Each structure stands twice: as C-alpha cells, then as structure tokens.
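Predicted, not measured: the structure shown is a model, and the values here were computed from it. Within every chain, numbering begins at 1; the chains are lettered A, B, ... in the order of the sequence lines, protein sequences first and strands thereafter.
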Amino acid sequence: MIDNTVFTVFNSFKNIINYSPPTIPDPFVLDETRPFDGDPPQKDLEPNIEKSVAHFTALLRYGKRLSICIDKVLIALKSNRIINVKAELKAELTALEEQWCELSPLLFSYHQSQSAEALYISTSLEENRRILEYIYKLPRNKDVVIKEIELTGTPVVQALVIYMEGLIDGSKQDHFVLKPLMNGNIAQDIYTGNFIERVIKKIIPNGQVHETSTFKTVEEGVNRGDTVLIVDGIAQGVIIETKGWEHRAVNIPQNEQTVRGSQAAFSENLRTNTGLIRSVLRSSDLITEMVKIGTRGQTNVAVMYIDSIANSSLVNEIIRRLKGIETDFIIDSGQLAQFIEDYPTLIFPQSLSTERPDRVAASLVEGRIALLLEGNPFAQILPMEFFGYFHSAEDFSVKSGIGNFMRVLRLFGALISTILPSLYISLCYFHPEAMPTELLLAIAGSRENVPFPAGFEVLMMEIVFELIREAGIRIPGILGSTIGIVGAIILGQAAVTARIVSPIVVVIVAVTGLASYTITEFRMASAIRLLRFGLLLCAWALGLVGLAIALLGIVVVLCTMKSFGMPYMSPITPRSIAGYDVVLRGQVYNQELRPDALNTKDPRRQPTISRLWKQKPPEKGGNQ
Amino acid sequence: MDYNNGRMGMSEGIALAFIVTFPTIFLSAPSSEVAMAGSVAWLARILAGFIAGTLLFMLTYVFTRYPGDLLSVTEKLLGRFAAYSVGLFYFLALFSLASFWTREFAENTILAALPYADFSFLIACYILSAGCLLFVSIENVCRATYLLLPFMIGTLLLVWVGNLSLYRPYNLFPWQGNGLSSLIQPILMALGSSVSLFILTLLAPAFQSVKTIKGAVIFGYGGSVVLRFISVGAFIMLFGTNVAMEKRLPFYEMARLIYLNRYLQRFEAVFILMWVMVGILAIAISLYGALFITAKLFKLPSIKPLLPVMTLIIGQIALMPPDSQSVIVMETILYTYVLAPGVIMIPTLLFITTIIKGGKK
C-alpha cells in the first residue's frame, strides 16, 4: 500500500474501527500457585518407577565399568603382563566389589532416601561426579568447577579436583595442589597402603589438609574456598586449603575514628579479623570457637573470649543461642545479634558493634565475648551495659580528666538529643514563664509570621533533618556529606525566609541533630533519635507532665532490660561493685577490677598497687 | 509476674523505703503539719521518723526469730484471724494511700502544670502509668527509683540552695511553736503517712536478708526523714508559720521563689518533671503493696490478673471526693486516727509476742 498521508490516516481509522488483538506477548505475571512446591505430580503417581529407573541406570553404568575391567584383565592375560598389573587390577576389582554392594536394592533405596549431602564418597569416580553435579546443579551453576585430572605415573589414575571459582587462590592451587599431583609420579603408590594418608603427609605441601569421606564435608570445604581431591577407586577425599578470595584490605575505621590509639579496622575477611584481634591481644588463653549459621549460607561465626576470664556459663549460653538459630542466611552481625539477644523488640541495642580490633581486645580482657561474622567488618561485643555505649576507644588514650570531660560531653549530648525539642515544646506551650522574658519575646517575635503551631514546626524540621541525614548516607561518595551540609544550610535558610519555620526551631533542631552525633554507637544514636519523636509527641500533648511520664517509662524499661543475662543498667542498678569505669573513669592504675556484673572467673584486672616502681627506690649509678 | 519473686538487694530496699515515704513533701502535708504544730512542725518529722524506724527495727527482730513476710509471721505468732486482720489493715492503708496520692498529684498537676486539662484524664494518666510500670515487676520499679534518687535529692538541694538568700531563721522561733503538746497530732499524722514503709516487711522474703531490710530502713527511710525534716524547716523559714499553713503546694511555692538573676527565675516548672515521676512511682508501689496483700490473703498465684481491675478501682475512688480540701481532711483523719494506731500497735504486738514466745534464731 502506498505510504502517504491519506493512506496513513485511512489505516489509523481502519485500525480503530477494526479492532485486532495486539501481537505483543502477555506480560509476565508471577503465579501465586507454586508448581515447584512439593514433589512433581508424576512422582506421586508412580513413585517406584523413577527409583527403579535410577537403579537400573546405576546398574548399567556399573556393568559398563565391569566390562571395561574385564577387558583390561583379558588384555593383561593375553599379553602375559598379569604380574605387572596384578595390584592395579586387584584394587580395581575390589572397588567394583564395593560398588556392587552399594548397588544392592536395600542399600540403594536407603541412599536414595537420603539427601545427596548425607551420602558417603563412593569408590566410583563416575558416581561421585554425578552426585557433585547434582549437589551443585551443574552445568547450570558456573561457579563450581569439577576438573578431571590424571595422576601421573603408571598406571594413570583418574581424579577429580573440585573448587569454587572466585573463592580460591589460583596460584596457591597450582603450586600446592595441581603441580604435586600431576608432576609427582605418584600414581604407582595408589594401590599400595593408604594413599590418602600419603597424599596428606608427603605429596601436598600445605599446612591445612585433611581427609573426608562424606559429601557434606566436601560441600562445606568447597563452599569456603578449599579444593577437594577425589581419586578413582578410593572412597575418601582430600580437602586442601586454597582460600583466596578478593577482599578489602585492613583500613582505617570509618565510623569510629579516633585521634589517638590504633588506626586499624576490621575488613570482610573473618580470619583477617580474628588475626587483627590476636595481633593486639597476644594471649594463648584467647579462644576462637567457630559456629556455622544458616542452613543455606553456612556462614561462620567466630566466638572469641578469654578462657581464664570469661564466665563459662555466659560462653555456653551464647554458643547455645547461636547453635539454636534456624535460618537460611545471615548477612550482617547486627542481624545476628537480633537473633540471639533477650529483647529484640526493644529499640536499644544489647551488644556493642565496633569496627576496631583494639576495642574488641579491651572488652575481651574485661571478660566480655566478641562475635565476628564471616564477611562482615563489625564485631559484636556482649554483654554490654547502657553506659558502655557512651565510652569511646580513646577514653583511655588520654588523661582521665580529658577522657571524663569527653564522656560527660557525650552524655550531655545524648540528653540534649533526647529531650531538647520536647523541652522546648513543653515550655512554649505550657510554661512560657520559665523562659527569660527577653528570650520569650524574641521567640514570640520570630514566631509571629509562622503559620504553623510550634509542635508541628519542630516535628516537620525533625523529619526534614532525618531526611537530609538519610539522604546524605545514601548519596554515593563525597557528594553525600556535601549535599547533606549544603541541603541543611539552604533548606534551613529558605524555610526561615519563607516563614515556614522560626529561626529558634532551626537552631534547636540543628543542636539536637549535632548532639546526636556525639553518641559513639550508631544503633544507640538511632534509638535515641527515635525516642526523641515519641517524647516530642508526649510533650506536645501533656507538656512536662507528658515528658516526665515518658522519661519514667524509658527508665523503667532500661532497668528491666538485660544484655545476655547482665542487667542493662549495671553497675548502678542493680548495684554491684562499680570499679572506676562506668560514667566517669578513674586513673589507669586504679582500674583494678573487671565489671562485677560479668561475674568473671578472675575479677581482678591488676593488683591494688600496679605501679610497683613507686614502692622501690631508684637504682643508683648506671650508665652515665 | 509472680508476686514474691526476685531477690531484692540493698539498693532496691533503699529506693523502696525512700519513695513510699518521700512524696508527702510534694503534697500539702507540710502545710497541714505547720497548721497543727506551728514553727515546731519540723520536729514532728524527726520524732515520727524515729518512732517509725524503731517500730520497723522491732519487726526486723521478729523476722530474725521467725523468717517470712509480715502476714505469715503474724499467722505463726497470733493465728490466722490476726493475720487476716493485719493483712486487711495494710491493704486498707496502701489502697487508701494509692487513691489519695493519685487524687492529690492529679490536683497538683492541674494547679501547677495543666490548668486546662480534664481532671479525670489526669487521674487516668497517673493511675495507668503506675499500672503499666507494675507490669514489669516491682524489682525493676525499685531499680528505676534508685536510678532517679540522685536527681530527686539534687532537685531538693537545688531548691533549698536556690532560696538561700530568702531564709528567715527567726521564723523557726519560738522553738516550742504552739507548744510541744501540739506535736502529738502531726506526729501521728506523719506516722500514719509512713505506713507504706511497712511494705518492706510484707516483701521481706524478697530481700536478701534481714540485714538488707535494716540497711534499707537506715539509709532509705532515714534519708527520707532527713530530707522531709529539712524541707519542712526550709518551708517554715521561707514563709513563716502564718503564710506556710495557707500554701497548697509547699514545694512548688518554694521552687517558685528562686531568683538567681533576671535570666534564671520562675523555673519552678522544670521541677514538675521530678515530682510527677515521684508521684507515679509512689502510687505504683502502694498499688503493688495492695495487690500483694490481696493475693496473699486469697492465696492467689499471681497478681497480674488483678492489676487492671485494681487500677481501675483506685482510679474511680480517686475521682470520688468532691474537692481537694475534702481529700486533705479525709487524709488527715485517716492518717491520724486509723493508720497511726495500727502502725504503732501491730509491730509492738508482734514484738512483745516474740519476746514472750521466744523462738529459734
């Protein structure tokens, strides 16, 4: 048809008149019924047929292997080389005999009823490969590599090397696994004595090599970056440590920066993190227990404590709670803490999150326990009392006077951050007489043109401040903080100019926001920010009476809480021996006792007189 | 929540003894005492404190011979009927205190903080707050009190020190005031208002030992007596007896007088934070005491189901008096003529019975 304006108009008109369904395919709609749930229907109808098919297939494969073996025997007999290959053939036949036992209907049915991970390694390389392919969903899964190699020597022996691409160190694998196996002329030893033991002791030059006989451990090894070797004819495997995935190097702390003290922070590598703690605290008493969490993730959690200090029942309880977690996968140590803490619904944190190895070491010495999650650069220190959240890593790096001044400043910051907006609203609405007259007149003057009530004004500005803060975190790179600062200044100025808010409210919200950043622990700061909104509403409704009721409620909740069995407000209430490091800290040489509430095995940190040199007279003479 | 669970220590005991005897400072009691005894009202506080302390120590002696709580010990010494009578007496006392305090703190809140608030709404605020606190157990309420103690004492010190320039010591003269005989009624009244102190003996098994109770009496109640005595003295020194007896809210009026300079004056409102907290805590503990006795008398396994009902009843009773003046009159009669005799007689009777009966230590 001619493509001109007349025909275009005609065709458009015709399309409108003569409706035809669109030719595009239906869009994807996620079906609410899940066909993958449960067994496939054909399996339910004929459950035995599939099992029988699998059994016959396995028998056929076995028959094929047997036939190859018989051929080998025939060739050896015909060529009169039977003496030379006797050992090899004997081993091969023994393996076939074992495989035959595995194929007995009873045992085969039992294996089929088990999950693949629960199976034992077979003497048949082919069967092993099939099971591994099933476990790792090969060839769909491109991360797992099952490499077939030949162990050099006479006869040539087939073997499988299994590893996870991206988790291993290639050069480590080349040097410590493949080269010794493929260039070592080792295959002749395979059928004499314990070959696996010889591989571990003589052939693989690697510190962490161990044998295995189940697919469960094979799977765990491969998933954590090890290389697994399975040799034909041997119902065992060798797990060789070849971890070497890419990770961030040890860096300076991002969230807990200090002027003094260590400048190292944790990274995502668990072993690097435990090593960092050990590098600070070189104690042979420092124990690192590993607990696996997550039925799918199988993430390692390191539980670190000093055996001669930490309360055993506390350690046992934490390990019990960790082992009692039933979930797919845990990605963050904060998420882990919520799984094991006593009051997960309350907003206050019950464990201290830190990225500093020195802080972890200091806490371990106090008798606390540290949890480190694989792939997470934060350690959780527990139990932790309320006042501990206002301590900083450098409190002890400076003289006690300065350290105490900073602590008081932080507590004052927390107090301002909690109650300043609600106090302003209470005084504004219910008790203006409490403000100096000049200030009151200034506030009244600045609020004259603002069309909103003071409560709404403060609430609005608080929400805007939170928006700026959240946006500042989410905006990538250095732009985030810049936009945060610029946004706050411009928005504040513009809001005052536009007479949406009064300048005093901008000042109050800015001071409150600034004060909240003095709190060293992010989660405690977040909890206090959230409380601020609740207190604001109480003050808006009932003034100082509402504020008093809300504050009393908070205090009672804090007194009720326990952090892993330890009272949250200890050592103040319930009263226990406080030591000199609660709200304020004493001199370093007066820090004689560990926190009493932790009930440590050894409550004394240092003797009453720790500066022994004060007791002795100076030595006379010496080098001039 | 079991009604006698937990092991409370010295700090909880101190807080408990302090908070149940301290709130009268914030109410009209100092004015009433000045009206009765004149410039010697401060002495009534000391003497009443001494007598109540002695009575409590007599009871601790009984507990060293017969371990248990006040009701079980009374049952052992005087029989079941006496135990029920004693239980009913303390129930009445604590229940009345909770009702009166709820009413008075609500009245004071209207006067000092929320003049436009609905009266019943404030009663509901106080009693519901107290009820909610009790859901987390008495130990934690005591711990919270202990945590707030320094702030309470600090507030009082601030008010006293803030008014330092306004004190007229000659207002305390003549030392004998209206005559020493006029002290009898305020002493009885102060004794009656101290009835809640005996909650320590009701909860005796919850404390670590009798020594803990003794410590709580010395430091908690002793501290409270000292503060109350100084407070009444300061009140008289500030206003003189003639003006002081007219004041409805002595503490609030004292705070109102503070004038440090033109920027720091009239900040009495800030102290509302403290007396509201004290009020709620005191109501909560009295309420707990009443619940505890009910549960003990009826042999109930837990007080939790009773809590909402009792809270509601106390709230309703607090609403009943027609005005605040009638509350003060009823309170004075109850303290002086009903509670004070019981406070004196019950411990004395138990002490004498223990002496006569003896008993193993």
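Interface remark: M435(A) contributes no atoms to any contact with chain B (heavy atom separation under 4.5 Å). Only the backbone of A112(B) comes within less than 4.5 Å of a heavy atom of chain A; no side-chain atom from C-beta onward does. Heavy atoms of L273(B) lying under 4.5 Å from chain A belong to its backbone as well as its side chain. Contact annotation for F121(B): only side-chain heavy atoms (C-beta onward) come within less than 4.5 Å of a heavy atom of chain A. The contact between L542(A) and chain B is made by backbone and side chain atoms together, counting heavy-atom distances below 4.5 Å.
In the displayed structure, F452(A) atom CZ is contacted under 6.0 Å by more than 12 heavy atoms of other residues, nucleotides or ligands. Remark: E448(A) CD is loosely packed, at most 12 non-hydrogen atoms of other residues, nucleotides or ligands lying under 6.0 Å away. Around the OH atom of Y429(A), the shell of radius 6.0 Å holds more than 12 heavy atoms that belong to other residues, nucleotides or ligands. Atom CZ of F119(B) has more than 12 neighbouring heavy atoms from other residues, nucleotides or ligands inside a 6.0 Å radius. Crowding of K601(A) atom NZ: a count of heavy atoms from other residues, nucleotides or ligands under 6.0 Å exceeding 12. Taking a 6.0 Å sphere around OH of Y259(B), one finds it holds more than 12 heavy atoms contributed by other residues, nucleotides or ligands.
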Should M277(B) and V555(A) be marked as a side chain to side chain contact (heavy atoms under 4.5 Å, CB included) after you check the CA-CA gap, both sets of side-chain angles, and the distance that decides it?
CA-CA 11 Å; M277(B) 286 187 194; V555(A) 171; over 6 Å; no
Apply side chain to side chain contact (heavy atoms under 4.5 Å, CB included) to L552(A) and L148(B), showing your working.
CA-CA 9 Å; L552(A) 182 61; L148(B) 293 170; 3.6 Å; yes
Side chain to side chain contact (heavy atoms under 4.5 Å, CB included) between E268(B) and E433(A), worked out
CA-CA 9 Å; E268(B) 69 278 1; E433(A) 80 280 356; 3.9 Å; yes
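Rounded to the nearest 0.5 angstrom, F430(A) CZ and I272(B) CD1 are separated by 10.5 Å.
The closest side-chain heavy-atom distance from V545(A) to C125(B) is not below 4.5 Å. Looking at heavy atoms from C-beta onward, I549(A) lies in side-chain contact with I280(B) at the 4.5 angstrom threshold. In this structure the side chain of R575(A) never reaches within 4.5 angstrom of the side chain of E12(B), judged on heavy atoms. For the pair R143(B)/I572(A), no side-chain contact is recorded, criterion being any heavy-atom separation below 4.5 Å from C-beta on.
Under the side chain to side chain contact (heavy atoms under 4.5 Å, CB included) rule, L133(B) has a single partner from V556(A), V557(A), T560(A), which is V556(A).
R585(A) is linked by a side-chain hydrogen bond (donor to acceptor under 3.5 Å, both in side chains) to nothing, counting only residues two or more places apart in sequence or in another chain.
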